[in-house]
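This report concerns only the one structure given below.
Nothing here was measured: the structure is a model prediction, and the numbers come from that model.
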Amino acid sequence: MKAIVQDRYGSPDVLRVEEVDKPTIAGHEVLVRVRAASVNARDWHAMRGDPYLARLVFGLTRPKMRIRGTDFAGVVEAVGENVKRFAPGDEVFGEVEGAFAEYVAAPEDLVAPMPSNVTFEQASALPLAANTALMGLRDAARVQPGHRVLINGASGGVGTFAVQMAKVFGAEVTGVCSTRNVDLVGSLGADHVVDYTRADFAKADARYDVVFDLVGNRTLKDLRSVLTAEGALVLSGGGTSEGGSLVGPMGLIVKGQVVSRLARQKVLVLTVKAGRENLEALAELAGSGKITSAIDRTYAFDEAPEAIRHLEVEHARAKVVITM
């Protein structure tokens, strides 16, 4: 089968299309013929090994996992002997490493049925980004009706889902983005949109019950300054590519972990975990029309390097999707 592989860290130029062995499945896995896969900030972090500290996870000298990608949607081709929930022909989506390939093997619990009214492209955009939004707002911040929520990075892959989910939970939502994305964020349901090229939310008078930071470009002081006395700051910034760094946006997260022990305000470092229950919750939200996948651009399979380049350099809005 064809896959997008890399054997060293670097720019998108290190990625190439290569023929590799079709994966075999264990008893608890399903084999999926991938129809679409989406790009996340994690993909360029893994591609570049940036920040360098992340290489403790990705591989010290080269990537442990040669095939990029985690989010996919497609059709089940085969199931392991212990799989009960799926059968060949089922349309599914999920999250597992190695998604930028014609086929992917995934544990049954990391896959969910696709809603019938959602396309493969839309479904592939859900797993990591929408799950991050779900866990950040529902589980970490515990957003309630009437809460005032600020989302820094509202036009990104996670941000576009976070705006919609905060509204689902009954919050009053303020999204922070650049000028070109103001209309997009407003169209997703934000009650207020701050264009950061024209105004600084940290210098305004508004205070929020929840600040969800998805960029990592502001100081803890700035982010905490707009919280209410007992508000919650949720940190999940992916950062942007600046040519290599030791800690990158992880520096803010480390500081956040220290401050969380001392501050009255909650400073929460988000840890996202893929799983069946959340995937099924996302399917229900998407199938009912409560959230939708905003897609910036779609690329052909052999254009995957350009898809990642667009995401990391051009500050892509919403999601970038690769079709098979």
> Which atom pair, heavy atoms only, marks the closest approach of Met324 to Ala101?
Replying inline: CE-O, 3.7 Å

>> Quick one, Asn131 with Leu279, criterion side chain to side chain contact (heavy atoms under 4.5 Å, CB included). Give me CA distance, side-chain angles, the key distance, then yes/no.
In response: CA-CA 7 Å; Asn131 190 34; Leu279 286 171; over 6 Å; no

>> Under a 3.5 Å distance rule, please check whether Glu306 uses its side chain to pair with a backbone N or O of Glu303 as donor and acceptor.
In response: no

> Looking at Leu150 and Val226, what are the two nearest heavy atoms and their distance?
Replying inline: CD2-CG2, 4.3 Å

> Going by distance alone, is a donor N or O of one side chain under 3.5 Å from an acceptor N or O of the other, for Asn40 and Lys319?
Replying inline: yes

>> Through direct or indirect side-chain contacts below 4.5 angstrom among Ile, Leu, Val, Met, Phe, Trp and Tyr, which residues connect to Met65?
In response: Met1, Val5, Val20, Ile25, Leu31, Ile67, Tyr103

> In chain order, what residues pass the side-chain contact (heavy atoms from CB on, under 4.5 Å) check against Asp195, with sequence neighbours excluded?
Replying inline: Thr179, Val182, Thr197, Arg198

> How would you list, by chain and number, every residue that makes a side chain to side chain donor-acceptor pair (under 3.5 Å) with Ser11, sequence neighbours excluded?
Replying inline: Asp13

List the atom pairs, with distances to 0.1 Å, where a side-chain N or O of residues 165-177 and a protein N or O form a donor-acceptor pair under 3.5 Å, not counting sequence neighbours.
unit_1	atom_1	unit_2	atom_2	d
Lys167	NZ	Ala171	O	3.3
Lys167	NZ	Asp191	OD1	3.2
Lys167	NZ	Asp191	OD2	3.0
Glu172	OE2	His192	NE2	2.8

>> Check this for me: Arg35, atom CZ, are more than 12 non-hydrogen atoms of other residues, nucleotides or ligands nearer than 6.0 Å?
In response: no

Contacts table for residues 120-127: side-chain donor-acceptor under 3.5 angstrom, sequence neighbours left out:
unit_1	atom_1	unit_2	atom_2	d
Gln122	OE1	Thr119	N	3.0
Gln122	OE1	Thr119	OG1	3.3
Ser124	OG	Glu121	O	2.9

>> Among residues at least two apart in sequence or on other chains, which ones pass salt bridge (charged side-chain N to carboxylate O under 4.0 Å, His left out) with Arg297?
In response: none

> What closest approach, in Å, do Ser236 and Thr132 show between heavy atoms, and which atom pair accounts for it?
Replying inline: OG-CG2, 3.6 Å

>> When you group the ILVMFWY residues by side-chain heavy-atom contacts below 4.5 Å and let the links chain together, are Val321 and Tyr299 in the same group?
In response: no

>> Are Val149 and Leu137 packed together at the side-chain level, in the sense that at least one heavy-atom pair is separated by less than 4.5 angstrom?
In response: yes

>> List the residues meeting salt bridge (charged side-chain N to carboxylate O under 4.0 Å, His left out) with Asp139, not counting sequence neighbours, and say none if there are none.
In response: none

> Distance-only, no hydrogens or angles: does the Asp209 side chain make a donor-acceptor pair with backbone N or O of Ala232 under 3.5 Å?
Replying inline: no

> Take atom CG in Asp183; do more than 12 heavy atoms of anything else shown fall under 6.0 Å from it?
Replying inline: no

>> Under the side chain to side chain donor-acceptor pair (under 3.5 Å) definition, can you give me all pairs with a residue in residues 86-99, not counting sequence neighbours?
In response: none

>> If I compare all heavy atoms of Gly157 with all of Phe161, which pair ends up nearest, and what's the gap?
In response: O-CD1, 3.2 Å

> Should the heavy atoms of other residues, nucleotides or ligands under 6.0 Å from CZ of Arg62 be counted, would the total exceed 12?
Replying inline: no

> Between Gly159 and Ile151, which heavy-atom pair has the shortest distance, and what is it?
Replying inline: CA-CG2, 4.4 Å

> Residues in salt bridge (charged side-chain N to carboxylate O under 4.0 Å, His left out) with Arg85, at least two apart?
Replying inline: Glu280

> For the hydrophobic clusters of this structure (ILVMFWY residues joined by side-chain heavy atoms under 4.5 Å, transitively), does one cluster hold both Leu110 and Leu282?
Replying inline: no

> Backbone N or O of Arg68 within a donor-acceptor pair of the Gln6 side chain at under 3.5 Å?
Replying inline: no

> Side-chain heavy atoms under 4.5 angstrom apart, residues restricted to Ile, Leu, Val, Met, Phe, Trp, Tyr: same cluster for Ile291 and Val272?
Replying inline: yes

>> Atom CZ of residue position Arg142 - does it have more than 12 heavy atoms of other residues, nucleotides or ligands inside 6.0 Å?
In response: no

> In chain order, what residues pass the side chain to side chain donor-acceptor pair (under 3.5 Å) check against Asp43, with sequence neighbours excluded?
Replying inline: none

>> Strictly distance-based, threshold 3.5 Å: is any side-chain N or O of Asp213 a donor or acceptor partner for the main-chain N or O of Leu235?
In response: no

> Who passes salt bridge (charged side-chain N to carboxylate O under 4.0 Å, His left out) against Asp109, sequence neighbours left out?
Replying inline: none

> Hey, does Thr70 have a side-chain heavy atom less than 4.5 Å from the side chain of Val96?
Replying inline: no

> Other than Leu128, what residues sit in its cluster of Ile, Leu, Val, Met, Phe, Trp and Tyr side chains whose heavy atoms are under 4.5 Å apart, directly or through others?
Replying inline: none

>> When you group the ILVMFWY residues by side-chain heavy-atom contacts below 4.5 Å and let the links chain together, are Val34 and Phe301 in the same group?
In response: yes

> Got Asn217 and Tyr196 here, is their nearest side-chain heavy-atom distance under 4.5 Å?
Replying inline: no

> So Asp296 and His310, side chain to side chain contact (heavy atoms under 4.5 Å, CB included) or not? Walk me through it.
Replying inline: CA-CA 10 Å; Asp296 178 23; His310 176 66; 2.8 Å; yes

> Hey, is CG on Asp21 packed in by over 12 heavy atoms from elsewhere, all under 6.0 Å?
Replying inline: no

> Honestly curious: do Val118 and Val32 fall in one hydrophobic cluster under the side-chain, below-4.5 Å linking rule?
Replying inline: no

> How far apart are the closest heavy atoms of Ala106 and Phe72, and which atoms are they?
Replying inline: CB-CZ, 4.0 Å

>> Given the ring of Phe201, does Arg218 sit roughly above its face, with NZ or CZ under 6.0 Å from the centre of the six-membered ring and within 45° of the axis?
In response: yes

>> With heavy-atom distances below 4.5 Å as the criterion, would you say the side chains of Glu29 and Val83 are in contact?
In response: no

> With no hydrogens and no angle check, is any side-chain donor or acceptor of Asp200 less than 3.5 Å from a backbone partner on Ala202?
Replying inline: yes

